[in-house]
Every structure is written in structure tokens, then in C-alpha cells.
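Everything on this sheet refers to the single structure shown next.
In what follows, chains carry the letters A, B, and so on, assigned in the order in which the sequence lines appear, proteins first and then strands, with residues in each chain numbered from 1.
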Amino acid sequence: MENTGLRKRILKFFNRHENLRSFGVLSPCIFWIGIFFLLPLLFMATYSFLERGLYGGVNWLFTWENYTRFVDPLYLKILLRTFRISFLTTVILLIVGYPMAYRIARADKRWRNILLFLVILPFWTSDLIRTYAWMLILRDTGLLNGLLKYLHIIREPLSLLYTEGAILLGLAYVYLPFMVLPLYASIEKLDTSLLEAAEDLGATPFWRFLKVTVPLTKSGILAGSLLVFIPSVGVFVVSDLLGGAKAMMIGNLVQLQFGPARNWPFGSAASFILMTIVLLAVFGYLKFAGGKEALEEVR
Amino acid sequence: MDVSVELKGVTKRFDEVTAVDNVSLKIRRGEFFSLLGPSGCGKTTTLRLVAGFEHPSEGKILINNADVSNKRPYERNVNTVFQNYALFPHLTVAGNIQFGLERKRTPKDEMLRLVVEALDLVRLNYMGDRYPHQLSGGQQQRVALARALILRPEVLLLDEPLGALDLKLRKEMQLELKSLQEKIGITFIYVTHDQEEALTMSDRIAVMETGRLAQVGTAEEIYEYPKTRFVADFIGESNFFSGKITAIDDNHLYLITDGGLKITLPADKAHTAGQHINFSVRPEKFRVEPEPGTSDWENQFIGEIVNKIYLGESIHYVIALSAKENINVFLKKERSGPQKTVFSIGDKVHVSWHRDDSVILVD
Ligand SMILES: Nc1ncnc2c1ncn2[C@@H]1O[C@H](COP(=O)(O)OP(=O)(O)OP(=O)(O)O)[C@@H](O)[C@H]1O
Ligand SMILES: [Mg+2]
């Protein structure tokens, strides 16, 4: 029985090396990530150090130029705008999403499911269509300007579309569920007897929120912030439709390079710069906000 | 009387359930007061009303003679030890204990001193840096206690604080809690459904039955003179009889039970001959002897042992006194002599009890 002999040896190996055991279980997952995530990343990393080909593609000649080119007020401004918008989106959604999630988590059972369903409902249509809807509302001849004119509040249409404000609005709208759902999950788990204990020990509602509710729902706050911040840094549909050329974000720049500009190496370099900054920002944030435990939790 | 907490006709309704029903109580300053009763009788609700988590549907609550009925918990000088302890998992032991002080903006060094003192009081010295999940159940319980006591409340409320502990630790903590309470002199309102716990620890006990007060009194009053069948049955064990009064004189009340036993009870002016009443006798009050003669108690009957259950420190006999009446009797084990208590099923025995050990019940 060779087969059982081999099996025994494998089992013995994993018994001796406890910490390698999880790799056995994870191996399909590792394979998947390797093919569909790491390999493309490797391609991009390579491309970002090559010269652009004339008609797209690359020439196999090493250069730093794609990175040095990025250090330019034009691009840095885009980068800065991207982070400003993503940061503000996250903050706005925390402020809007927290009370919303709190209310849902504290609603009675029957209502809770209905309200959660309503939060998720927009997922049933694509981002694109929902963003177009905002265009119809915000443009000069759109619903909002029409209404304001009708009410004689304004005479000339306000230019709402193609501004940073419009992008903020669009992003906050699109990513609301990503903030509300993790917050809901952590608030729902919150033991109400802890809130009572706080109040019993003299905490006013505000003090209680600060000292008990927020720390105990930290995992939801961290998860929600990351789920909103990271994708909004890379967004391009929303910013393209609502921001246009006037308020370009880095996602649009990358898309431009891979698309019309046919400069894949520069697009790759821009992506890498973005990725590095996001990674640093996220780790910095987790370190600052959560210490080691939060890092562990996200892992 | 120095009243710490007073409930005046307090009623609490949840939709159609009346959890607390017209309860009036005065609890003295420094008293160890227990609320005792079966599950669902409204003990927790009563405590939550005093703490301020619930507000009465009717009636008033006074703490230190001030009406607090509409005050929020953080406006009341009352602290609670929760059944599940409700320790803040994100704070250390010290962090938990000083939570209330931080709110009061107590100076740093003063706070440190008080925390050390509180840790010392509950014998958790040097545990300040641990997190609640690193503590045993008994230690968590003490942190909860220290956290509440450090604020020097007018009243400390405890909702089955020992419920989650094993029997041995529970006994230890009972003694510890009691001596702690005597030391610091704060009024304790203690909820439990464990009658033994209530009897050993309390200065006074309120027995509750479906939202009402069944009886309030010292452990001895409640054990020896239960007012109702519910109290007699809930606290300890009891034998119940009912019968018709045949005569009453200055010192005695005579009746004949439904099973035909002629019984002498202490006199009771509230009753008249011909009335039908219930009374109870505790199982350890009986004398059981193989031969008649040594007992001069009023109530003497011949019975037959019908069942015998060995309980360790004592033996539980079921003895038939009449065709209708079986009694439960607890006897210490004595193998021989006049106090012999080791009998077999089927033995004929002489059973007697003193008239004052029969307690007339109101229902
Ligand atoms: N928030 C509430 N909503 C509705 N009914 C409630 C609420 N709180 C308590 N009740 C009801 O009030 C009654 C008394 O409950 P309470 O918790 O005071 O009982 P208890 O004596 O503490 O019981 P236990 O020993 O099981 O803890 C119960 O019938 C309970 O179902
Ligand atoms: Mg209870």
C-alpha cells in the first residue's frame, strides 16, 4: 500500500510543522491569487520600467523616465485632488453612515431587514446608470436647477456638474452601502448592557458614545473607511462623468494612458505610485487608529 | 428611620405585561436588602427602575428623600453590578474601575490612589493592567464590584451577581460581599432567586410573586412566619394542611384537618370557629420516635413510613399521618437510643410537633 505510506508521510509532515498546515488548506486560494493578481501585477511592474511602443505596447528598453515624468505639478495636482476627494468621501460617509447604521441596528427585527434591504437596493443597478442619473439631476438644464428656477430661488443655472463637489456627491452616493454594512455589523454586535453600564457609571450620552460606542465599533469604522477610501482612490467612472476634464482623478489618468494615449508604461508607473501611497496610507491609518489588534483584524 | 430608597406604589407595565405591580417599600440606609422570587416575578425590573433604566408607569421612586422617578441613570447616585458584569472589553481592569471617575474629572493622582484602594478592597492588587477576558469569572465579578463602589453610591444594586459562579466560589463570595457591605456601610439592594443566599446575607428580604410583594421581613420572620402558602413553599420546604376550626381559647386554636387529625395551633384572634384555614409546618420541626411517651408536645400522631430518601447530612422521610395526609420530615441520623431516627419503610412511628410550629397562612 504505497498510497497509505505517502499519506502517512504527508500527515506526519504537517503534524511536525503546525504552522505550514494552513498552507495545505489555502493552496487553491494561493494558486488563484498567484494567477489572477500577482502575475498581472508583475507584468505592470515590468512595464513601468520600459519605454512606450509607438502604437501601444512596449519596447524592451529599461528606463526610469515613467517615474520621473510623474513628478510634475500637473500630475501631482491630480494625485492631491484624488486623495482629497477620497478622504472627504470617507469622512462624509462616516458622518452620514454611522447614525444610519446605528438606527438600523437598533430598529426592531422586522424593520431591520427591510432597512438593510433598502441600503443594498442600489446595487441592483450598475454604478454607471446611477451616475448618469446624477448627471441628469445636476447638469445646467437638470432637475435641480429646474426646480430652483421654478421656485424663483435662482435665475441663472448653478454650474453643479463637473466640479469636485459633484464627484464627492456621486462617490458618497455610490459607496454608502460599503460604509453602512460593516458599521451595521459591528454596532449590531455591541452589547447593550455595556451602554447601560456606561450610563450607570455617570456617562452622559455624548461621553458614552465617545468612550464606549466608538471604541467598541472600531472594527466597523476601520473596515468601512477602508472599503470606501481604497476604491474611491482608484475610481474613474464617477469622476469621469461628474468631474469631467476639469476635475480629473488619478483613475482617469491611468485609464487615459492605457486607452487613448496608448502609453502603457506611464499608466503602469502611475498605478504603482498610487498603490504604494495607498498602502502606506492604509498602514499608517491602521497603526494610528487601531494599533496592532486592528492590523490583525484586517489581516 | 433613615430611609435610603423608597418606592411609592410603583407599577411598571410593558405592553400587556405588568412586571411590577403596585410595590411600596422603604429601604434603610446601610441595609442589605434582598429581592427574592422565582424567575419572571419582576426582580430585575424593580432594580432597573431604581437604577433609572426603566421609568415607572405609575408611582414614585425616592432616593435619599428626593424624587428621582424621571431622572436618567447618570443623574442618580446609584450604581449597578450587572449579572453578566458588563465590563468594558476594550479597557483594562484599572480602566474599567476609573471609568466613572474620569467622567467626574477626578485629578490624576487622586484617581490613581482611589483605583489602588478599590483594587485592594476587592483583593485584586496588581491586576490593574489586565484585560477583562484575562480574568476568571470570580475576578471579573470583583472588578464589576470595584467599578461600582469606587463612586461611593448612595445605593449599590446587584442583579444576581453570583449567578454565573460555581457553588464553592459562590459561597466564598457571599461571605466576602456581606463583610464588604458591613465594612463600607453602603445600602445594597440584592436580587437573587437563591433563597439560601438571601437568607444568609440579608438584613431584610422582600419576597416577590408576579410583580407584587408577597412578604417583607428579616430572614427569620420570613422563614419562621411565612404569611402565605407561596412564601412558605418558596422559602425552604413546607408541609401544608387545611382544616376547619373547632374552638378557640386564649392560648390555643383547635382544628380538625381534612384527613381527620385533631391539631392544636397558637391562638389567632383573626379567626373564628367554623372557619376553614390553611397552615404549614416545616419538615425539621417534627419529632419522630419509635415509642410514645418522651414528647409532651400538643400534636401527637401515629404514622407509617412510606418513603425514605437519603440526603447525606440528614434523612428525608415521607410519613402517612392519615389516609389523606402525608408529611415530609427531615431528621438527623441517629442509629439507636431514644433519639433513634433510622427507620425502614413500613415502620410505625410516633410523630409529634409543638403547637407554635404550626403557622397559619392567609391563603
Ligand atoms: N423590556 C421588556 N419588555 C417586555 N417585557 C418585559 C421586559 N422586561 C421584562 N419584561 C417582563 O416582565 C416580567 C418580569 O421580568 P424580570 O426580568 O423583572 O423578572 P426577574 O424576576 O428578574 O426574572 P429572572 O429571575 O428570570 O431574572 C417578565 O414577565 C418579563 O417577560
Ligand atoms: Mg432577572
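Panel note: side chain B:H90, backbone A:K218; no donor-acceptor pair is recorded below 3.5 Å. Side-chain atoms of A:D200 do not come within 3.5 Å of backbone N or O of B:Y74 as any donor-acceptor pair.
Of the two parts of A:L216, only the side chain, counted from C-beta on, holds a non-hydrogen atom closer than 4.5 Å to a non-hydrogen atom of chain B. With a 4.5 Å cut-off on non-hydrogen atoms, B:Q83 does not touch chain A at all. For a residue to count as touching a neighbouring chain, one of its non-hydrogen atoms must lie under 4.5 Å from one of that chain's; by this rule B:V78 touches chain A with the backbone only. Heavy atoms of B:R147 lying under 4.5 Å from chain A belong to its backbone as well as its side chain. Heavy atoms of B:L87 lying under 4.5 Å from chain A belong exclusively to its backbone.
Of the listed residues (B:A86, B:G100, B:G52, B:A51), the one with the most heavy-atom contacts under 4.5 Å to chain A is B:A86.
At least one side-chain heavy atom of A:E196 sits under 4.5 Å from a side-chain heavy atom of B:F82. In this structure, the side chains of A:D191 and B:N84 come closer than 4.5 Å at one or more pairs of heavy atoms.
Of all non-hydrogen atoms in A:K211 and B:F99, the two that sit nearest each other are CB-CE1, 3.8 Å. Between B:P73 and A:E199, the shortest heavy-atom distance links the atoms CD-OE2, 3.4 Å.
Counting heavy atoms of neighbouring residues, nucleotides and ligands inside a 6.0 Å radius, atom CZ of A:R106 exceeds 12 of them. Within 6.0 Å of atom NZ in B:K71, 12 or fewer heavy atoms from other residues, nucleotides or ligands are found, so the atom counts as exposed in its surroundings. Shown here is B:D129, whose CG atom has no more than 12 heavy atoms of other residues, nucleotides or ligands within 6.0 Å.
Note that CG of A:L201 and CD of B:Q98 are 12.0 Å apart. Values are rounded to the nearest 0.5 Å. Separating the CG atom in B:D159 from the OG atom in A:S193 is a distance of 11.0 Å, to the nearest 0.5 Å.
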Legend entry - B:R103 and A:T204: CA distance, side-chain angles, deciding distance, side-chain contact (heavy atoms from CB on, under 4.5 Å) verdict: CA-CA 9 Å; B:R103 173 66 200 134; A:T204 54; 3.5 Å; yes
